[in-house]
Amino acid sequence: MDVRSLTAIDVHTHAEVGRDGHPSLAPELMVASAAYFGAQGHRQPTIDEIARYYRERAMAAVVFTVDAEHATGHRRISNEEVAEGCAAHPDVLIPFASVDPFKGRAGVREARRLVAGHGVRGFKFHPSLQGFAPDDRMAYPLYEAIEELGVPALFHTGQTGIGAGVRGGGGIRLRYSHPMLVDDVAADFPDLRIILAHPSFPWQDEALAVATHKPHVYIDLSGWSPKYFPPQLVRYADSLLQDKVLFGSDYPVITPDRWLADFAELDLKPAVRPKILKDNAARLLGLDKEDAS
């Protein structure tokens, strides 16, 4: 990957459909998510289509799905499929995996195999959808392996559009995505690089506190148009956390085109913008070292 030629690195995009047409979420949850984002009728791009989309924009993208088989009973899109799809487009796509923490030692073995054999560069957790608290010791062997492998763990935080408006929220519990639960993980695994995904409504201040306090905790800005960012998030991104904030869109429900147009209107120092759009992610993912070599 030629990082120097890229305009941006999007650290948060979703593989929503597999090669066989199998969706990443059950239909009622997918419909609820699209309605929440005002993206009804949006296409579910294949990984090849995601690559084409980002290549046209001279951007790179982190791609993942979510393994929530234990909580939802819905078959996941396989991590191998995501990794192989990204490997076909190494100039623009970066594979992350998702392993359900309830898979225990089998999940730990899978994580090690995915990094060693499939080039996976990080792991995605969605505590509310997966039905676990991040500080549950059940997940600790998996975190230990990810820390040892030297790749980041990305945690959904705050509100989620998945299940929004569905009876009982589809059984999805928002409290599992409180960023303070991830603070325990950051304290217990001090060398684990962690990304708190999204402006963490309604816990934005807590997310800022964790990212300011823990050296290896970052924040991605996905899932919201920048024009709706809480003012304190913008202030911290422009100052104390300027080296720890990352561009993320949540594509395909939010496009980078829309996100970037609104980002251009934020009152940020000129020197901060390239850090958020590319430099911080390149450093976190080790892409700057590869590019230099």
Residues [X] and [Y] bridged, charged N to O under 4.0 Å:
X: D20; Y: R75; result: yes
X: R105; Y: E110; result: no
X: K103; Y: D67; result: yes

Any donor-acceptor N/O pair, [X] side chain to [Y] backbone, under 3.5 Å:
X: E265; Y: K227; value: no
X: K244; Y: N280; value: no
X: H156; Y: Q159; value: yes
X: R283; Y: D243; value: yes
X: Q204; Y: P199; value: no
X: H126; Y: L129; value: yes
X: S200; Y: W203; value: no
X: T157; Y: L196; value: no
X: K214; Y: A187; value: no

task: Report yes or no: is the cationic atom of R57 (NZ for Lys, CZ for Arg) under 6.0 Å from the centre of the six-membered ring of Y53, at an angle within 45° of the ring normal?
output: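 Relative to the ring axis of Y53, which defines the angle, R57 lies inside both limits.
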
- prompt: With a cut-off of 6.0 Å (strictly less than), are more than 12 heavy atoms of other residues, nucleotides or ligands near CG of D267?
  reply: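 Atom CG in D267 is not crowded, with 12 or fewer foreign heavy atoms closer than 6.0 Å.
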
Stepwise side-chain hydrogen bond (donor to acceptor under 3.5 Å, both in side chains) check, D188 with Y140: CA-CA 9 Å; D188 291 337; Y140 272 36; 2.6 Å; yes

message: Quick check on the 6.0 Å ring-centre criterion: do H22 and H74 meet it?
response: yes

- request: Just do the side-chain hydrogen bond (donor to acceptor under 3.5 Å, both in side chains) check on D10 and Y54 with the steps written out, would you?
  value: CA-CA 9 Å; D10 186 340; Y54 280 86; 2.7 Å; yes

task: Run the numbers on E80 and R113 for salt bridge (Lys or Arg N to Asp or Glu O under 4.0 Å), then give the verdict.
output: CA-CA 10 Å; E80 290 83 358; R113 176 173 54 78; 2.8 Å; yes

query: R19 and E84: salt bridge (Lys or Arg N to Asp or Glu O under 4.0 Å), yes or no, with the steps?
result: CA-CA 11 Å; R19 283 190 293 253; E84 290 163 7; 3.8 Å; yes

message: Enumerate the ring-ring contact (aromatic ring centres under 6.0 Å, His included) contacts for residues 92-124, please, sequence neighbours excluded, ordered by first and then second residue.
response: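 Applying ring-ring contact (aromatic ring centres under 6.0 Å, His included) to every pair that reaches into residues 92-124, excluding sequence neighbours, yields H70-F102.
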
message: side-chain contact (heavy atoms from CB on, under 4.5 Å), that's the test. Do L192 and E148 meet it? Break it down for me.
response: CA-CA 8 Å; L192 176 63; E148 185 181 308; over 6 Å; no

